[in-house]
Amino acid sequence: MVKKFCLAGLIALILFLNLSSAYSEANPYSEEKILQEIIMKVPFTRGLKLVEHKLQNGLYSFKFEGSNPFKNLKIVYNSDNDKLEYIDYYENTFTPFDKNLSAKYSKSESIILAHNLISSITGEEYQFVKSLSDDEYIDESLEKPYIYKLIFKKVINHLIVDNREIVVYIDSHSGEVVKFFGENLSEKVEYEGTKDIKSIGEIKSLYQRYIVPQLMAYKEGKKYQLVYISSLNPLFYGIDAKSGIFIDYKGNDIKEEMITLDFAKLKDDCFNLKNPETIAQDIAKNLKIDKISLLKSGYVNNFYLTGKPAVTYDWNFTSLKDKILNINVAIDSHDQNILHLGFGYWNYNEKNFRILDMEEAKTYVKEHLYNYLSCDFLVAYPMNYRNNKIYTFYRQTNNTIISNNYITIETNEEGIVKKIIFNWDYIDFPKIDNTINTQVAQNIFIDSGFKLYYFITENKKGKLVYIPNSLEFMIDASTGKKIYYSSLNWEEH
């Protein structure tokens with residue numbers, strides 16, 4: 001009997017070994033082979049230690065780390081098509097630099113280095129589009145060496161794919177990569193052909209019926225400047241090159257009612273705000289918070305809105321399992337008038353606080369924020385973000401949108417309010433004198449032209465889209481000069 005069991009066990013073992021061998025032959029992408037391929041393709045894996053690895057849904061995930069300086073690398077590999085899916089590499093550059101180090105690599109040389117690196121890693125074509133200017137890495141204004149922050153976008157059929165990019169940061173002294181980020185690298189996309197797309201003339205005609213320049217008081221530094229913007233609609237992204245339908249940032253059609261501005265005059269009489277503490281207590285009460293704490297108050301000699309002395313107050317309520325409320329009030333130190341009111345509310349637990357649509361959002365604003373609004377119109381927009389819905393109300397004074405005066409209410413898919421942001425200034429804004437005609441502004445926007453791009457939708461379709469160049473700039477309402485948004489944060493190529 002024992003011999004029979006031993007024989008049966010031996011047969012089972014032989015079968016298991018044969019199956020294992022067959023599985024290995026049928027699945028050549030063993031973890032070891034994948035690691036070897038990653039090391040061959042991604043040069044900055046060398047010298048790093050593998051600290052974590054796992055397999056989930058056909059995707060191998062690897063995490064590497066290194067020291068002196070600290071380095072972190074995460075790679076996701078798609079074994080179904082033998083391609084890298086995701087790369088996120090970071091090298092800590094916040095270590096002391098020799099300020100006398102010179103830049104050995106020019107920007108153009110760094111672009112070539114980055115382009116060759118991207119090609120060798122992805123096997124696909126990417127094009128340099130612009131340089132990022134931020135403080136995340138050591139900057140020329142701080143210390144040497146300078147870090148080139150380069151943005152590349154994917155190219156298909158000689159057209160840029162607008163929503164697929166790779167970021168590469170290069171040290172100008174050593175030529176080393178200190179940051180590399182790319183995702184959706186292994187996706188399979190079905191791209192439209194360029195046959196039967198609408199002409200620029202047709203697109204221009206469609207866009208002309210939509211675009212109505214809007215005056216806006218734009219805050220630049222400490223001062224407001226009057227500008228024209230081409231659209232207030234936060235959903236608008238571009239125009240489908242084949243159907244001519246306006247689309248949003250997900251590639252979905254924008255419904256006509258979402259394009260139309262919704263004006264709601266909330267009150268006829270101007271506000272008469274009470275003292276700061278009464279305001280704070282009233283806001284807390286409306287949000288079902290019984291007690292708030294004064295965190296700090298202080299005298300400001302040169303308040304950013306007025307350039308005059310002011311007193312500021314900050315109140316807070318925090319319950320990480322329940323809700324958080326922050327309130328900020330500033331008053332003029334001379335006449336005690338309110339200069340600014342802002343609050344942020346985050347809800348983690350309250351289930352009965354719901355807003356289901358724009359009409360209910362407007363009702364909430366009227367009933368609970370009425371006393372804090374000056375006698376202005378509000379321009380309202382609904383917007384979907386992931387599974388949440390966002391209702392944003394922009395302040396309008398004398399047909400002019402005030403850029404950083406707004407109310408935002410965010411709800412989840414069940415309508416439960418998760419966040420409220422209120423930001424309002426009680427000061428005099430620029431007078432509308434000697435501004436260019438609205439028709440002139442419209443012509444400048446429309447005549448700026450359009451660019452044809454690919455746009456990858458959520459269902460992996462490569463859609464051809466015309467994106468208006470007018471989305472890249474504002475217009476100085478006094479001079480008609482273009483003010484590029486990129487000049488504020490980006491250095492254009």
Side-chain angles (χ1 to χ4, degrees), residues 211-236 261-271 273 300 302-308 310 312 328-332 337-344 365 369-370 372-381 383 390-408 421-445 448 470-489:
I211 183 172
V212 178
Q214 173 65 59
L215 265 176
M216 181 174 74
Y218 171 74
K219 191 167 184 293
E220 183 179 14
K222 295 183 178 181
K223 297 190 301 183
Y224 279 91
Q225 178 181 0
L226 276 175
V227 298
Y228 278 106
I229 57 174
S230 59
S231 171
L232 263 178
N233 194 333
L235 299 174
F236 178 72
L261 296 181
D262 181 9
F263 290 91
K265 186 161 186 177
L266 298 186
K267 60 186 299 184
D268 295 319
D269 58 324
C270 289
F271 71 101
L273 291 179
V300 179
N302 187 9
F303 189 59
Y304 73 98
L305 283 173
T306 60
K308 299 177 181 180
T312 62
N328 172 261
V329 181
I331 65 171
D332 187 292
N337 286 336
I338 302 293
L339 299 174
H340 172 80
L341 170 61
F343 73 83
V365 170
L369 301 177
Y370 179 92
Y372 313 123
L373 300 172
S374 49
C375 46
D376 300 312
F377 285 93
L378 293 181
V379 182
Y381 268 116
M383 180 179 178
I390 301 174
Y391 306 96
T392 301
F393 298 83
Y394 297 100
R395 177 180 181 176
Q396 188 183 57
T397 301
N398 297 325
N399 293 320
T400 302
I401 298 296
I402 311 301
S403 64
N404 64 332
N405 282 222
Y406 58 88
I407 303 165
T408 296
I421 303 294
F422 182 96
N423 201 62
W424 211 267
D425 298 326
Y426 306 93
I427 61 172
D428 294 329
F429 293 99
K431 296 185 182 300
I432 306 176
D433 295 324
N434 301 320
T435 60
I436 62 172
N437 186 279
T438 303
Q439 185 62 53
V440 173
Q442 184 185 49
N443 292 339
I444 294 172
F445 283 129
S448 66
S470 60
L471 298 182
E472 299 176 358
F473 62 88
M474 304 177 287
I475 299 173
D476 187 310
S478 299
T479 65
K481 182 181 177 181
K482 296 177 182 177
I483 304 171
Y484 284 88
Y485 297 115
S486 58
S487 65
L488 305 174
N489 300 299

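In this chain, numbering begins with 1 at the start of the sequence shown. As the structure is a computational prediction, the values presented were derived from the model and not from experiment. Both backbone and side-chain heavy atoms feed into the values below; hydrogens, waters and symmetry mates do not.
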Test item: Y426 side-chain N/O and I331 main-chain N/O as donor-acceptor pair under 3.5 Å:
no

When you measure from the side chain of S403 to the backbone of A217, do you find a donor-acceptor pair of N or O atoms at a distance under 3.5 Å?
yes

Grab the two heavy atoms, one from [X] and one from [Y], that are nearest each other, plus how far apart they are.
| X | Y | answer |
| --- | --- | --- |
| A330 | T312 | CB-CG2, 3.9 Å |
| F422 | I407 | CD1-CG1, 3.6 Å |
| L339 | L305 | O-CD1, 3.8 Å |
| I421 | G344 | CD1-CA, 3.8 Å |

Is there a side-chain contact between [X] and [Y] (heavy atoms, below 4.5 Å)?
| X | Y | result |
| --- | --- | --- |
| I483 | Q225 | yes |
| I229 | Y218 | no |
| I338 | Y372 | no |
| K308 | F303 | no |

Distance (rounded to the nearest 0.5 Å) between [X] [atom1] and [Y] [atom2]:
| X | Y | atom1 | atom2 | result |
| --- | --- | --- | --- | --- |
| I436 | N443 | CD1 | CG | 9.5 Å |
| I444 | S470 | CD1 | OG | 11.5 Å |
| T438 | Q214 | OG1 | CD | 9.0 Å |
| L373 | W424 | CG | CH2 | 5.0 Å |
| F393 | T408 | CZ | OG1 | 9.0 Å |
| I475 | L226 | CD1 | CG | 13.0 Å |

Kindly indicate, with the supporting measurements, whether the criterion side chain to side chain contact (heavy atoms under 4.5 Å, CB included) is fulfilled by S448 and K482.
CA-CA 10 Å; S448 66; K482 296 177 182 177; 4.1 Å; yes

Those residues that, when tested against D425, pass side chain to side chain donor-acceptor pair (under 3.5 Å) (two or more places apart):
Y224, H340, N405

Which residues pass the side chain to side chain donor-acceptor pair (under 3.5 Å) test with S230, sequence neighbours left out?
none

For T479, give me all partners under side-chain contact (heavy atoms from CB on, under 4.5 Å), at least two apart in sequence or on another chain.
D476, K481

With N337, which residues qualify under side-chain contact (heavy atoms from CB on, under 4.5 Å), at least two apart?
D335

Contacts of type ring pair (Phe, Tyr, Trp, His ring centres under 6.0 Å), residue Y228, not counting sequence neighbours:
none

For F473, enumerate each residue passing the ring pair (Phe, Tyr, Trp, His ring centres under 6.0 Å) test, keeping only those at least two apart in sequence or located in another chain.
F445, Y484

